[in-house]
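Below: one structure, written as structure tokens.
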Amino acid sequence: MVRLAVDFENPSRVWWESGGQELWDGIAEGFDGNAILIDESLAESWLAEARKLPGWEGGPEYAPHPVRLEQVDPEDEILY
């Protein structure tokens, strides 16, 4: 399992306004809206689509993309 999370440090709205919001809403439905815990293969598939949209690249070095992928320690108890 991995976590996809909105990176609030990425200030650009281009990706969100170019179809990213709809893409995110499609996968985040039923979660709190800011982060989701999903299977790694599903996350990679979603990221492949996210990368196709304008604005995916170009954020600051510390937050290059509007959504980030985080590895989840299997020992952690995470409730979503």
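This structure is a prediction, so every number in the text was calculated from the model and none was measured. Throughout, numbering of the chain's residues begins at 1 and tracks the sequence.
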Original post:
Quick one: salt bridge (Lys or Arg N to Asp or Glu O under 4.0 Å) partners of Arg68, sequence neighbours excluded?
Top reply: Asp7, Glu70
Identify the two heavy atoms, one from [X] and one from [Y], that lie closest to each other, and give their separation to 0.1 Å.
| X | Y | value |
| --- | --- | --- |
| Pro60 | Glu9 | CG-O, 4.0 Å |
| Gly20 | Leu53 | N-CD1, 3.4 Å |
| Ile38 | Ile27 | CD1-CD1, 3.7 Å |
| Val67 | Trp24 | CG1-CZ3, 3.8 Å |

Subject >> Hphob cluster co-occupancy, Val14 + Tyr62, side-chain heavy atoms under 4.5 angstrom >> reply: no
**OP:** Drop me the distance from Leu47's CG to Leu42's CG, to the nearest 0.5 angstrom.
**Re:**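 If I round to the nearest 0.5 Å, the distance is 9.5 Å.
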Original post:
What distance separates Glu57 CD from Ser12 OG, expressed to the nearest 0.5 Å?
Top reply: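 One gets 11.5 Å once the value is rounded to the nearest 0.5 Å.
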**OP:** With the side chain counted from C-beta on, respond yes when Met1 and Glu40 share a heavy-atom pair under 4.5 Å apart, and no when they do not.
**Re:**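 Sidechains of Glu40 and Met1: no contact.
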**OP:** For residues Trp16 and Val6, determine if any side-chain heavy atom of one lies less than 4.5 Å from a side-chain heavy atom of the other.
**Re:** yes
Original post:
Trp46 side chain to Leu23 main-chain N or O, any donor-acceptor pair under 3.5 Å?
Top reply: yes
